[in-house]
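In what follows, chains are A, B, ... by sequence order, proteins preceding strands, each numbered from 1.
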Number of protein chains: 2
Amino acid sequence: MSRAEQRDATRQRIVDAAITAFADQGFAASSTRDIAARAGVTQGLVTYHFDSKDTLWRAAATQIFGLLVGTLPDRPRRASNAERRAAAREQIRAYVRFAAEHPEVFHFMVDAGRHDDDRMRWLVQTCLAPRFSEITADGGIGSVAADRAAAPHAYYALLGAGSLIFAVAPECRELTGVDPTRRAAIERHADLMAQLFVPD
Amino acid sequence: MSRAEQRDATRQRIVDAAITAFADQGFAASSTRDIAARAGVTQGLVTYHFDSKDTLWRAAATQIFGLLVGTLPDRPRRASNAERRAAAREQIRAYVRFAAEHPEVFHFMVDAGRHDDDRMRWLVQTCLAPRFSEITADGGIGSVAADRAAAPHAYYALLGAGSLIFAVAPECRELTGVDPTRRAAIERHADLMAQLFVPD
DNA sequence: TCGTTGACTGTTCATTCGACCAGCGAAGCA
DNA sequence: TGCTTCGCTGGTCGAATGAACAGTCAACGA
């Protein structure tokens, strides 16, 4: 393996470990030593590749939010009302499956979104704003929001309803006996979400 | 003030500060020194009244989840279908208002619920299990869950959809321009939630 | 082939963490 | 009034933190 390939592979291992750690314990409670151990490297190497813990967090956020792009199916450009409703349902199902496979996204959002600081503003401008305008456009969940002013409420209702059960999977298992990581449970949640947000 | 009163008042100030701190930064990232500073006492006093950080967290969780009790209106015992639907709507509205006023509950749940450890199990058995069986009973959001097996999914959809926007209020302001702490926004979210979970 | 670059290691630094403890002084009791 | 209790302070402990550093050695370019 060339030096450049080795460098990229190592950086990738660190970012992957960082995503898991930050999602698991939040930014402040994650240590660069723990991340290094998960990636199988030394702690000094983490600050070598990513100057600071903050820079590493941005790299991790960029990667995990980037996964969302391309996962959601395109909404039809010109279609009948019925077709648009069917497409909206399929978008919602796709999002639920994504949230089940990557609960990290939800944890990054909640961890950063509750503080009015630089990391929150960076996340909004870099990762969230481009998605938000598309999700709330007509044909997405625009069918849920009765008027334009309700779009932010529909957006957070959709994200929260679709993600929480997977974000607190251990609690869900203990409280309800349902393991939300099982495929049957994921599909059941997708069914409920589609029916909730795009009723017959 | 008597010695007992002074003791209780001090303990209460510490618990209040702990709720804010734990909700703000999670358990691991909160320090007993920061909590002590918020409460206006010394750090040593925190471990004096509450033997450990873990004990303090349990006291804080007991208080904040206890607030939820008595906040939700009772569901009618014997009522017509229309009355039960109206009651379910009012329960949902009440929960949204509570989530807006106390986003700490959501943060406690997400912070503890993602790890399979003692704190999660304690939270489930002490604070969540009693509520869960009542919320998912007929007349609550039972109208949402088509069958018994869908109840856990409806439960987490309701909590997530009703809480997230308030839990990430700074992000919501930055992303959408909507301030979810304003009364008008709270009522708008309550409207959407009632319509979503108990449609016409 | 030889000098240079750069990925990586191991150590060190000041700071902060939860927990512990000796001592103080006013409230409460006899 | 004198003694005891106990809420509370201030300091200290080892452990863990993010960052910085000099040193090492193989990959690379001239």
Between CZ of A:Phe50 and P of D:dA19 the distance, given in whole Å, is 13 Å
NZ of A:Lys53 versus C1' of D:dA20: gap in Å, rounded? 17 Å
Would you check if the side chain of A:Arg93 reaches a backbone N or O of A:Ala194 as a donor-acceptor pair within less than 3.5 Å? no
For the residue pair A:His153 and B:His189, categorise the inter-ring angle as parallel (less than 30°), tilted (30 to 60°) or perpendicular (more than 60°). tilted
Check every strand shown and say whether B:Arg7 touches a base, only sugar-phosphate, or nothing at a heavy-atom separation below 4.0 Å. sugar-phosphate
So, A:Tyr156 and B:Glu171: side-chain donor and acceptor under 3.5 Å apart, yes or no? yes
Could you state the atom-to-atom distance from CD of A:Gln43 to P of C:dT11 in whole Å? 13 Å
How many whole angstroms separate atom CG of B:Leu56 from atom C1' of C:dC17? 15 Å
Can A:Asp191 and A:Gln195 be counted as having a side-chain donor-acceptor contact under 3.5 angstrom? no
Which nucleotide in D:dA19, D:dC28, D:dG7 has an atom nearest any side-chain atom of B:Arg3: D:dG7
Is there a residue in residues 9-42 of chain B whose heavy atoms reach under 4.0 Å of DNA chain D, and which residues are they? B:Thr10, B:Arg33, B:Thr42
Does either side chain, that of B:Ser163 or that of B:Tyr95, offer a donor lying less than 3.5 Å from an acceptor on the other one? yes
Whichever of B:His49 and A:Ser52 has its nearest DNA chain D nucleotide further upstream toward 5': B:His49
Interatomic distance where CG belongs to A:Asp51 and P belongs to C:dG6 [whole Å]: 15 Å
Counting the atoms with a prime plus P, OP1 and OP2 as sugar-phosphate, which does B:Gln6 contact under 4.0 Å by heavy atoms, base, sugar-phosphate, or nothing? sugar-phosphate
So, is B:Tyr48 close to the D:dG7 phosphate, meaning a side-chain N or O under 4.0 Å from OP1 or OP2? yes
Give me the one residue out of A:Arg7, A:Gln6, A:Arg13 that meets side-chain hydrogen bond (donor to acceptor under 3.5 Å, both in side chains) with A:Thr10. A:Gln6
How many Å lie between CG on A:Leu45 and P on C:dT11, as a whole number? 16 Å
Taking a hydrophobic cluster as the set of Ile, Leu, Val, Met, Phe, Trp and Tyr residues connected by side-chain heavy atoms closer than 4.5 Å, whether directly or through intermediates, do A:Phe166 and A:Val178 fall within one such cluster? no
